[in-house]
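Input: a single structure, listed below in structure tokens.
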Protein chains: 2
Amino acid sequence: MGIRSKTEEKLLDAAEELFFTHGIAATPVDVILDRAGVSAATLYRGYPSKEALVAAALTRRHKAWLAAWDRAIERQATARGKLLAVFDALDEFMARPGGARWCAFLGSAAEYADAPAEILEAVREDTNAYQTRLAELAVPVVGRQAQALADELLLVVTGVLAMRLREAGQGTTTARRVAGLLIEARTA
Amino acid sequence: MGIRSKTEEKLLDAAEELFFTHGIAATPVDVILDRAGVSAATLYRGYPSKEALVAAALTRRHKAWLAAWDRAIERQATARGKLLAVFDALDEFMARPGGARWCAFLGSAAEYADAPAEILEAVREDTNAYQTRLAELAVPVVGRQAQALADELLLVVTGVLAMRLREAGQGTTTARRVAGLLIEARTA
DNA sequence: GTCTATATGCGGATAGAC
DNA sequence: GTCTATCCGCATATAGAC
């Protein structure tokens with residue numbers, strides 16, 4: 001999978017920026033190739049299909065997201081701060097130029113009625129990472145109620161991302177307020 | 001707009017069921033026509049384009065959703081029950097056979113990088129309805145904090161819908177718990 | 001690796017007969 | 001209103017020359 005070169009990187013850069021802002025179906029491969037300065041023959045030697053390129057872009061993006069999240073966690077000193085750091089990371093990630101219109105993973109899941117296995121797997125990994133990490137981070141904050149709180153926070157995070165599709169998006173402001181109230185309710 | 005007949009209804013039935021489960025881009029008009037038992041000529045005399053049909057399906061669905069929500073509100077006796085009735089309505093609406101895979105309105109917004117005006121308007125109406133109604137219903141429950149609570153609940157509702165794209169959907173269970181805690185926090 | 005050309009199929013929309 | 005046929009454009013993927 002992939003070509004391992006600067007060509008490969010330019011391909012993934014273009015794919016990530018175009019697929020997840022304009023949409024996958026709405027972005028012909030030609031446009032990707034133009035942007036990347038790569039020829040069709042090169043693309044199809046590295047990837048068997050358009051979907052494989054999508055999956056590769058998702059995988060790379062997932063790693064970048066985890067890294068950004070990790071940095072946001074490290075910046076916080078308290079257990080509560082580390083748990084809420086997911087919103088810092090979201091703010092940072094959503095503000096990136098050329099970032100996704102709402103969420104690359106949910107968006108990919110939404111675009112395929114039944115997604116190719118590789119794409120489904122990437123989305124699943126994204127969800128898994130949220131569940132595992134949120135549950136771990138919640139333990140020092142609310143103890144045995146960590147799992148319940150993690151479920152609630154994943155709901156909120158997913159809500160923040162999907163709210164970007166409505167015009168009334170308020171960034172993470174409301175989400176942070178909700179998260180705070182949930183923690184309060186579970187620590188009081 | 002529209003043909004005003006049983007043909008029209010069959011067309012909208014097929015459009016609603018197919019567009020919002022399989023996806024708009026993924027559903028050719030031919031498939032709609034087959035399902036509806038309608039010819040292409042008929043469709044294009046009633047609607048100028050595929051997008052116009054999508055918009056008409058969204059509009060009809062919006063009315064049905066408001067009606068279902070109204071009924072759920074009426075079934076509740078207390079102010080708190082009426083505010084939380086949105087989740088009853090969601091449960092009912094999401095369980096309908098041939099219902100949307102996640103949310104017809106968010107899904108439509110997601111499929112178009114820049115949506116046609118008619119579709120954008122339908123999504124906007126959906127969001128507006130949530131904001132207006134939730135804020136009104138929240139007043140007798142939390143008084144001056146109604147607006148804040150309404151924002152939070154819209155976030156939760158949107159989260160519930162988008163969570164259907166992940167495999168880990170828990171229906172409205174977690175959402176109801178969050179809503180309950182939010183109300184508690186604002187009434188205590 | 002790039003370029004150009006192209007095979008191939010599909011989808012939206014229209015035309016004409018009935 | 002239905003049917004069949006079709007124009008037209010686009011998109012994925014491939015082939016061949018360099």
Side-chain angles (χ1 to χ4, degrees), chain A residues 1-58 107-108 110-119, chain B residues 1-58 107-108 110-119:
Chain A
M1 53 165 77
I3 292 158
R4 294 284 166 203
S5 67
K6 286 184 182 174
T7 306
E8 160 93 2
E9 270 185 38
K10 283 196 282 186
L11 213 43
L12 288 178
D13 286 342
E16 191 173 343
E17 178 168 346
L18 294 170
F19 282 149
F20 306 140
T21 54
H22 294 207
I24 299 169
T27 304
V29 283
D30 301 15
V31 177
I32 304 271
L33 297 173
D34 274 4
R35 169 75 65 105
V38 167
S39 77
T42 307
L43 164 62
Y44 284 102
R45 190 138 21 79
Y47 302 95
S49 69
K50 182 183 179 180
E51 280 83 35
L53 179 61
V54 173
L58 283 176
S108 298
E111 285 216 49
Y112 294 94
D114 54 343
E118 344 167 44
I119 293 181
Chain B
M1 55 165 75
I3 291 157
R4 293 283 169 204
S5 68
K6 286 184 181 172
T7 309
E8 160 92 1
E9 270 183 38
K10 283 196 282 187
L11 212 43
L12 287 178
D13 286 343
E16 191 173 342
E17 180 168 345
L18 294 170
F19 281 150
F20 306 140
T21 53
H22 294 207
I24 300 171
T27 305
V29 282
D30 301 17
V31 178
I32 304 272
L33 296 174
D34 275 3
R35 168 75 65 105
V38 167
S39 77
T42 306
L43 164 62
Y44 284 104
R45 190 137 20 81
Y47 302 95
S49 69
K50 182 183 181 181
E51 282 84 35
L53 179 62
V54 173
L58 284 175
S108 298
E111 285 216 47
Y112 293 95
D114 55 341
E118 345 168 41
I119 294 181

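The chains referred to below are lettered A, B, ... by the order of the sequence lines, with proteins before strands, and numbering in each begins at 1. Values below: every heavy atom of this structure, side chains too, minus hydrogens, waters and symmetry copies.
- The two residues Leu33(A) and Ser39(A) come nearest to each other via the heavy atoms CD2-O, 3.8 Å.
- Atom CD1 of Ile24(A) and atom C1' of dA11(D) are 15 Å apart (whole Å).
- Here the C1' atom of nucleotide dA11(D) and the CG atom of Leu18(A) are 16 Å apart, to the nearest Å.
- As a whole-Å value, the separation of Lys50(B) NZ from dG9(D) C1' is 15 Å.
- With sequence neighbours excluded, no residue forms a side-chain hydrogen bond (donor to acceptor under 3.5 Å, both in side chains) with Glu111(A).
- Under the rule for a side-chain hydrogen bond (donor to acceptor under 3.5 Å, both in side chains), the partners of Asp13(B) that lie at least two apart in sequence or sit in another chain are Arg60(B).
- Across the protein-nucleic acid pair, Asp34(A) atom CG and dT12(D) atom P stand 12 Å apart, rounded to whole Å.
- An OP1 or OP2 oxygen of dT14(D) is reached within less than 4.0 angstrom by no side-chain nitrogen or oxygen of Tyr44(A).
- One atom, CD of Glu51(B), and another, P of dG11(C), lie 15 Å apart when rounded to the nearest Å.
- Rounded to an integer number of Å, the gap from Leu43(A) CG to dA11(D) P is 15 Å.
- The side chain of Ser49(B) has dA13(C) as its nearest neighbour among dA13(C), dT14(D), dG1(D).
- Contact check of residues 26-33 of chain A against DNA chain D (heavy atom, cut-off under 4.0 Å) returns Thr27(A), Pro28(A), Val29(A), Asp30(A).
- The minimum heavy-atom distance between Ser49(B) and Tyr44(B), with the atom names listed, is CA-CE2, 4.2 Å.
- The distance from atom CG of Leu53(A) to atom P of dA11(D) is 16 Å, rounded to the nearest whole Å.
- The two residues Lys50(B) and Val29(B) come nearest to each other via the heavy atoms CG-CG1, 3.9 Å.
- Atom C1' of nucleotide dA11(D) and atom CZ of Phe19(A) are separated by 12 Å, given to the nearest angstrom.
- For the side chain to side chain contact (heavy atoms under 4.5 Å, CB included) with Ile32(A), the qualifying choice from Leu43(A), Leu12(A), Leu18(A) is Leu18(A), the only one to do so.
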